[in-house]
There are 2 protein chains.
Amino acid sequence: MRPLIHPSIEDITVEGILHALSDPVRAAIYVALALGGSDCTFNCSNLQQVIDRPIPKSTLSQHFRALREAGLIRSERHGVEMRNTSRCPEIEQRFPGLLAGILNAHKVQSMERARLAKRKPAARKSVAG
Amino acid sequence: MRPLIHPSIEDITVEGILHALSDPVRAAIYVALALGGSDCTFNCSNLQQVIDRPIPKSTLSQHFRALREAGLIRSERHGVEMRNTSRCPEIEQRFPGLLAGILNAHKVQSMERARLAKRKPAARKSVAG
DNA sequence: ACTATAGTTCGCAACATATGAACTATGGAA
DNA sequence: TTCCATAGTTCATATGTTGCGAACTATAGT
């Protein structure tokens with residue numbers, strides 16, 4: 001088992017963060033971790049509450065790795081399971097306002113989606129054909 | 001020639017924006033456009049001042065398309081050339097703080113890189129081969 | 001119509017991603 | 001210690017995405 005790779009704070013890049021969070025599944029994971037606070041942990045097993053469609057654990061493992069190697073989360077083994085926590089405070093110090101802007105944008109978007117879903121449960125985006 | 005596609009403001013997604021800006025070339029283009037103000041335009045031809053390595057124009061064309069279809073820029077033909085302007089104000093209204101956070105992070109990162117390049121022009125990241 | 005300039009599209013090679021199957025790691029029970 | 005269950009990783013591969021040269025389209029000036 002290759003050891004877990006956590007970049008040091010100065011090796012974290014904006015491009016890496018944006019790429020990691022440009023995937024909807026990773027974004028959902030990260031939002032849940034970041035909003036949950038420092039004692040909130042998720043892993044491949046208890047994540048179904050956060051994401052809607054079922055995702056295989058090999059895929060989830062890769063997503064956690066992507067978040068970890070982008071520097072967004074810290075992963076530690078505790079017994080048989082993994083505890084993933086967000087590295088928000090560090091990143092806020094290096095890139096002030098970045099995560100706040102992204103998290104807020106996700107909030108705006110998910111509120112808007114909820115509103116649209118309530119209005120028209122079946123239709124999307126008035127696409128003909 | 002297929003007509004240019006500009007998503008309406010409510011169809012712009014966070015994921016789309018983050019993905020578009022997770023590419024270093026597109027990020028450099030966008031930073032230049034955004035910081036240049038509303039009368040600043042760049043295109044496939046006058047862009048060499050913004051990016052360091054030379055990039056084929058077919059690639060640049062694709063990058064502009066990616067930015068356009070993510071909703072980040074607006075492209076208009078003026079005679080034989082293209083004028084690309086940032087859509088920052090619209091996006092700021094929909095996702096307050098998002099672009100500011102990203103632009104600031106890029107500024108932090110490029111200042112840091114400039115500092116490192118001045119210190120040790122040839123060495124990078126103290127990696128032992 | 002001809003030429004020059006600016007940008008787009010096509011086709012393909014190189015790279016990235018998602019996932020089932022097989023594997024590793026840890027803890028507890030017998 | 002051995003066996004089993006649970007949690008997660010790695011591998012192989014099929015599918016998707018990207019970068020770029022070559023060919024094409026569009027516009028302006030002559």
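We name chains A, B, ... by the order of the sequence lines, and we start the count at 1 in each one.
Under a 3.5 Å cut-off, the side chain of A:Glu81 and the backbone N or O of A:Asn43 do not form any donor-acceptor pair.
In summary, of the residues considered (B:Pro96, B:Cys88, B:Pro89), a side chain to side chain contact (heavy atoms under 4.5 Å, CB included) with B:Glu92 occurs for B:Pro96 alone.
With a cutoff of under 4.0 Å to any heavy atom of chain A, the contacted region of DNA chain D is bounded 5' to 3' by D:dT6 to D:dT10.
Residue whose closest nucleotide on DNA chain C sits further toward the 5' end, between A:Arg77 and B:Arg68: B:Arg68. Residue-to-nucleotide proximity on DNA chain D shows that, of B:Met1 and B:Asp23, the 5′-proximal contact is made by B:Asp23.
For A:His78 and C:dG27, the NE2 to P distance is 11 Å, given to the nearest whole Å.
Of all the residues in residues 50-66 of chain A, A:Pro56, A:Ser58, A:Thr59, A:Gln62, A:His63 reach under 4.0 Å from DNA chain C with at least one non-hydrogen atom.
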Under the side chain to side chain contact (heavy atoms under 4.5 Å, CB included) criterion, do B:Arg87 and B:Leu72 qualify, and how do the steps go? CA-CA 5 Å; B:Arg87 291 177 68 180; B:Leu72 284 163; over 6 Å; no
Evaluate the criterion side chain to side chain contact (heavy atoms under 4.5 Å, CB included) for residue pair A:Asp23 and A:His63; output intermediate values, then yes/no. CA-CA 9 Å; A:Asp23 179 276; A:His63 282 316; 3.7 Å; yes
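Defined by atom type and a distance below 3.5 Å, a donor-acceptor pair is missing between the side-chain atoms of B:Arg74 and B:His6. With 3.5 Å as the limit, one finds a donor-acceptor pair spanning the side chains of A:Asn84 and A:Ser75.
For A:Ile12 against A:Ala70, the heavy-atom pair with the smallest separation is CG2-O, 3.5 Å.
Salt-bridge check for A:Arg65 with A:Glu69: passed, with a basic side-chain N closer than 4.0 Å to an acidic carboxylate O.
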